[in-house]
Amino acid sequence: MPGLAERVNSLKASSTVAFAARAKELARQGVDVISMTAGEPDFLPPEHVLEAAREALRLGLTKYTATEGTAELREAVAAKFKRENGLTYAPDQVLVSNGGKQTLYNAFMSVIEPGDEVVMVAPYWVSYPAQVQLAGGVPVVVTARAEDGFVPDLADVRAAITPRTKVLLINSPSNPTGAVFPPELVRGFAELAEEHDLWLFSDDLYEHLVYDGKFTTAAAYVPHRTLVVHGASKGYALTGWRIGFGAGPKPLIAAMNRLQGQSTSGANSLAQHATVAALNEVEKTAAFQAMTRAAYRERRDVLVTGLNRLGLSTPLPAGAFYVMTDTTAIDPDEERAAIKLLDEARVAVVPGTDFLAPGKVRMSYATSLEQVREALQRIEALLG
Ligand SMILES: Cc1ncc(COP(=O)(O)O)c(C=O)c1O
């Protein structure tokens with residue numbers, strides 16, 4: 001067989017997927033596993049969005065849409081940013097893609113030259129360094145500490161900037177830590193971007209999952225150099241529908257659109273129609289988001305209190321649906337700790353290795369309160 005390209009040979013498979021697959025395989029064998037690996041809401045999408053999807057079928061919306069997304073959806077996205085974030089975008093400053101993941105990939109491919117550096121905060125979402133490397137760039141990592149609730153120190157970000165830096169990346173609320181950056185820190189990133197003439201990519205996917213404090217987007221400070229990365233997956237419980245959107249300066253959006261036109265030709269027509277309802281039926285969506293937020297908050301509180309009581313040190317995250325737990329009491333090595341949790345306690349988690357979080361695992365509480373309580377009992381039994 002002929003060989004494969006170096007760019008894929010050096011690409012690591014996601015450990016999140018590997019551990020989720022291992023848990024699924026055990027479940028298939030009839031083992032009762034509690035999965036806390038999920039990066040997606042356990043709720044069904046709201047009924048008005050499901051109904052809009054049915055309507056899309058009835059209307060026969062089965063053709064390719066414009067590469068950049070339908071005019072209706074781009075207008076709905078622009079209206080969302082105006083209404084919720086006070087940001088003004090023309091429809092041609094909005095690009096709809098196959099998930100926030102493609103929005104980010106388009107963006108890195110559009111701005112990175114070989115050797116350009118992207119400053120990102122660890123523990124990080126594993127796709128950031130992978131996508132930067134695929135684009136020929138170099139990830140530069142700033143480590144946020146557990147004792148600071150995984151909120152990074154701006155002085156560390158400043159120290160990471162070099163003449164090769166091209167992009168600062170913010171993800172708040174964060175996957176995998178759940179940290180929410182305070183407004184003054186987001187402003188600090190914006191000022192650094194301005195001072196050093198950098199792009200600022202603001203991954204706002206978890207905007208609607210904030211329990212304490214306030215969500216702030218970097219675009220509020222320097223919209224002329226910020227790309228907002230957003231989408232329907234997390235806050236609207238539409239992960240499998242694969243709708244992401246980016247908003248930012250026109251030349252960047254146009255470049256991303258050219259790239260998209262030669263790769264995926266844009267997003268699914270039915271899902272785009274349904275997402276218009278998710279964004280435009282404001283009161284129904286707000287009620288859904290309030291309901292899910294209250295449920296996540298209760299689970300978070302039970303989980304974090306329980307883990308700390310068991311001696312597994314866990315900062316209280318202000319957002320998203322993840323906690324980062326210190327598992328050195330189970331095993332100093334986080335991969336071995338994750339395997340013990342799965343094989344002996346039947347609780348599936350993701351080791352922090354690929355997030356750059358040694359000695360820690362990520363647990364998702366996008367699962368029922370009963371499962372969260374049961375997981376704590378099983379971990380207690382494991383710890384003896
Ligand atoms: C931090 C972060 N950004 C972006 C995404 C992309 O999500 P999607 O492609 O489903 O929109 C995810 C999904 O896990 C995420 O956790």
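When a ligand or atom number is given, it counts from 1 through the structure's own listing order. The first residue in the sequence is number 1, and the count goes up from there.
For Arg242, every heavy-atom contact with ligand 1 shorter than 4.0 Å involves the side chain, none the backbone. At a 4.0 Å heavy-atom cut-off, ligand 1 does not touch Phe245 at all.
At a 4.0 Å cut-off, not a single heavy atom of Thr239 sits close enough to ligand 1 to count as contact. Heavy atoms of Lys234 approach ligand 1 to within less than 4.0 angstrom.
Proximity to Ser233 (heavy-atom distance under 4.0 Å) selects the following atoms of ligand 1: 8 (P), 10 (O), 11 (O). Residue contact check: Tyr128 has heavy atoms under 4.0 Å from atoms 1 (C) of ligand 1. Atoms of ligand 1 lying under 4.0 Å from at least one heavy atom of Asn171, given by number and element, are 1 (C).
Looking only at atom types and distance, the side chain of Gln260 has no donor-acceptor partner in the side chain of Ser265 under 3.5 Å away. In this model, no donor atom of one side chain and acceptor atom of the other lie less than 3.5 Å apart for Asn171 and Tyr206. With hydrogens and angles left out, the side-chain atoms of Glu117 and Thr162 include a donor and acceptor closer than 3.5 Å.
When Asp204, Asn175, Leu238, Leu205 are checked for heavy-atom proximity to atom 16 (O) of ligand 1, Asn175 turns out nearest.
At least one N or O atom of Gly100, backbone or side chain, sits closer than 3.5 Å to an N or O atom of ligand 1.
For the residue pair Ala348 and Leu342, the shortest heavy atom distance occurs at CB-CD1, 3.9 Å.
In summary, Asp197 and Lys166 do not engage in a salt bridge, as defined by a charged side-chain N under 4.0 Å from a carboxylate O.
Of all protein heavy atoms, the one lying nearest to atom 3 (N) of ligand 1 is Asp203 OD2, 2.5 Å. Annotation: atom 15 (C) of ligand 1 to nearest protein heavy atom, Trp125 CE2, 3.6 Å.
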Exercise for the section: For salt bridge (Lys or Arg N to Asp or Glu O under 4.0 Å), just list the numbers for Arg54 and Glu47, CA-CA rounded to whole Å, side-chain angles, deciding distance to a tenth of an Å, and then say yes or no. Expected result: CA-CA 11 Å; Arg54 291 181 205 111; Glu47 179 51 36; 2.9 Å; yes
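A distance of 7.5 Å separates CG in Leu134 from OG in Ser10, rounded to the nearest 0.5 Å. Leu259 CG to Gln102 CD: the interatomic distance, rounded to the nearest 0.5 Å, is 8.0 Å.
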